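Read the structure below first, then the notes.
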Amino acid sequence: MARSLILKVFRSQLARKMSLPGSVVAPGSRLLSSEPPGERISRYPVPDKKDLPADIVDVMEEVEEKGGFLPNVFKALSHRPAEFRAFFGYYNELMNKETGRLTKADRELIVVATSSHNNCLYCVVAHGALHRIYSKKPNLADQVVVNYKNADLGPRERAIVDFAMAVCRSDSIAEKHFEALEEVGLDREDAWDIAAIAAFFAMSNRLAHLTDMRPNNEFYNLGRIPRVKNKAKNEGEK
C-alpha cells in the first residue's frame with residue numbers, strides 16, 4: 001500500500017512540470033541518485049539506491065526520468081525513508097490538489113515568499129524555478145525574493161502573499177486577514193491552504209538549514225529561457 005501511495009504522489013503534474021527545457025533522457029537509461037560524483041547535496045549521508053526501499057527507488061527513478069534530473073531534496077530526505085514518505089505525501093496534498101481557488105503558480109509564490117523570509121536557499125531556488133514555469137513570469141519570483149512589497153504583484157497575488165507572510169511570521173491572525181482575501185475572491189478554505197503551505201515550508205526550510213541542502217544547478221535556469229519549438233528550430237537550420 002505504501003509503495004502504491006508514494007508512486008501515485010509523483011505521477012502528478014509536479015514531475016511533468018520539472019522537465020528541463022530541451023532535455024532528453026535516453027530510453028532505458030538509469031541515473032543514480034548519487035550522480036554526479038562529488039556533488040554537494042547534504043551534510044548528512046545520502047544512501048546508495050541499492051540500500052533504499054524499493055518504493056522510494058521507484059519514486060526517484062520516475063521523477064528523474066520525467067524531469068531529466070533528480071532534485072536534491074529527494075536524495076537528502078532519503079536518509080530517513082519513513083519521513084521521506086510522510087513529507088512527500090503531505091507535499092502532494094498541499095501543492096498538487098485540484099480543489100480550491102489557488103493555482104499552482106499561487107502555491108509556488110507562497111513558497112518563494114516565505115522561504116525567502118526564512119533564508120532557505122534550496123526552496124527559494126527550486127520553487128522559484130517552478131513558479132517561473134507555472135506563471136510564465138520569468139522575473140517575478142526574483143523580485144519577491146528581494147522584497148515582495150516592491151514586486152510587480154497583482155492585487156490577488158499580493159493578498160495571498162500578505163496572508164502567507166502573516167502566518168510565516170507567526171502574527172496573530174485576525175478577521176482583517178480573512179477579509180483581505182475575501183476582497184480578491186478567496187474564502188476561508190483558501191486561507192487554510194495558504195496557511196498550510198506556509199507552515200509546511202517553514203518545516204521544510206528548517207530541514208534544509210539542518211542538512212545544508214543545496215539546490216541542483218539545473219534549477220537556476222529553469223523557466224528563464226523560452227523553449228525553442230522544434231518547427232522553428234528546424235526552419236532555422238535550413
Side-chain angles (χ1 to χ4, degrees), residues 10 12-23 31 33-36 38-44 46 60 63-64 66-79 84 87-88 90-92 94-96 103-153 157 160-161 164-165 168 197-227:
F10 296 102
S12 64
Q13 293 184 3
L14 173 68
R16 292 195 295 272
K17 287 289 187 178
M18 277 187 172
S19 59
L20 285 169
S23 66
L31 304 177
S33 66
S34 56
E35 291 180 350
E39 180 186 10
R40 184 179 174 191
I41 297 168
S42 168
R43 61 164 49 99
Y44 283 80
V46 175
M60 287 179 161
V63 169
E64 190 166 20
K66 290 180 177 178
F69 70 101
L70 183 63
N72 285 340
V73 63
F74 291 87
K75 305 173 192 179
L77 295 187
S78 70
H79 181 71
F84 177 108
F87 179 96
F88 287 112
Y90 193 30
Y91 176 100
N92 188 59
L94 292 176
M95 303 302 287
N96 293 316
T103 67
K104 289 186 179 295
D106 293 335
R107 295 171 196 275
E108 297 298 341
L109 184 64
I110 294 164
V111 180
V112 171
T114 59
S115 297
S116 175
H117 180 82
N118 291 330
N119 299 312
C120 181
L121 173 65
Y122 186 91
C123 291
V124 163
V125 172
H127 291 275
L130 292 176
H131 180 266
R132 289 192 295 273
I133 291 169
Y134 288 127
S135 70
K136 311 299 183 189
K137 297 177 181 178
N139 301 325
L140 185 57
D142 292 341
Q143 296 174 2
V144 169
V145 169
V146 175
N147 183 352
Y148 88 89
K149 293 182 178 180
N150 287 336
D152 296 326
L153 297 171
E157 291 169 319
I160 289 171
V161 175
M165 292 301 295
C168 179
I197 292 167
F200 177 81
F201 278 92
M203 179 270 290
S204 180
N205 297 157
R206 284 154 179 80
L207 278 176
H209 288 315
L210 168 71
T211 60
D212 194 25
M213 196 184 303
R214 314 303 291 183
N216 306 64
N217 288 335
E218 291 91 337
F219 278 124
Y220 288 93
N221 286 329
L222 277 176
R224 295 189 188 279
I225 303 171
R227 297 182 66 175

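Computed from a predicted structure; not experimentally measured.
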Would you please name every residue forming a side-chain hydrogen bond (donor to acceptor under 3.5 Å, both in side chains) with [X], sequence neighbours left out?
{"X": "Asp212", "answer": "Arg40, Arg214"}
{"X": "Lys137", "answer": "Glu157"}
{"X": "Asp152", "answer": "Gln143"}
{"X": "Ser115", "answer": "Asn205"}

Ignoring hydrogens and angles, tell me if any N or O in the side chain of [X] forms a donor-acceptor pair with the backbone of [Y] under 3.5 Å.
{"X": "Asn216", "Y": "Asn72", "answer": "yes"}
{"X": "Ser78", "Y": "Lys75", "answer": "yes"}
{"X": "Ser204", "Y": "Phe200", "answer": "no"}

Pairs flagged by salt bridge (charged side-chain N to carboxylate O under 4.0 Å, His left out) wherever residues 199-210 is involved - sequence neighbours left out: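 Pairs touching residues 199-210 that pass the test: none.
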
Taking the side chain as every heavy atom from C-beta outward, state whether [X] and [Y] have any pair of such atoms under 4.5 Å apart.
{"X": "Val46", "Y": "His79", "answer": "no"}
{"X": "Val63", "Y": "Phe88", "answer": "no"}
{"X": "Asn96", "Y": "Lys104", "answer": "yes"}
{"X": "Arg132", "Y": "Val112", "answer": "no"}

Quick check: closest heavy atoms across [X] and [Y], and the distance to 0.1 Å?
{"X": "Pro138", "Y": "Gly223", "answer": "CB-O, 3.9 Å"}
{"X": "Ala202", "Y": "Asn118", "answer": "CA-ND2, 4.0 Å"}
{"X": "Ala105", "Y": "His131", "answer": "O-CD2, 3.2 Å"}
{"X": "Ala113", "Y": "Val161", "answer": "CB-CG1, 3.7 Å"}

Over 12 foreign heavy atoms within 6.0 Å of OH, Tyr44: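 Result for OH/Tyr44: open.
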
side-chain contact (heavy atoms from CB on, under 4.5 Å) partners for [X], two or more places apart:
{"X": "Arg107", "answer": "Met95, Lys97, Leu102, Asp193, Ile197"}
{"X": "Asn119", "answer": "His209"}
{"X": "Asn150", "answer": "Asn147"}

side-chain contact (heavy atoms from CB on, under 4.5 Å) partner of Val144, chosen from Ile110, Leu109, Asn139: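 Considering Ile110, Leu109, Asn139, a side-chain contact (heavy atoms from CB on, under 4.5 Å) with Val144 is found only for Leu109.
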
Mutual orientation of the aromatic rings belonging to Tyr122 and Phe219 [parallel < 30°, tilted 30-60°, perpendicular > 60°]: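 It falls in the perpendicular class, over 60°.
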
Leu222 CG to Leu130 CG distance, which is reported to the nearest 0.5 Å: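 Answer rounded to 0.5 Å: 7.5 Å.
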
Distance in Å, Thr114 OG1 paired with Met165 CE, rounded so as to fall on 0.5 Å steps: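 Result: 7.0 Å between the selected atoms.
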
By ring pair (Phe, Tyr, Trp, His ring centres under 6.0 Å) - contacts of [X] (at least two apart):
{"X": "Tyr220", "answer": "none"}
{"X": "Tyr148", "answer": "none"}
{"X": "His127", "answer": "Phe201"}

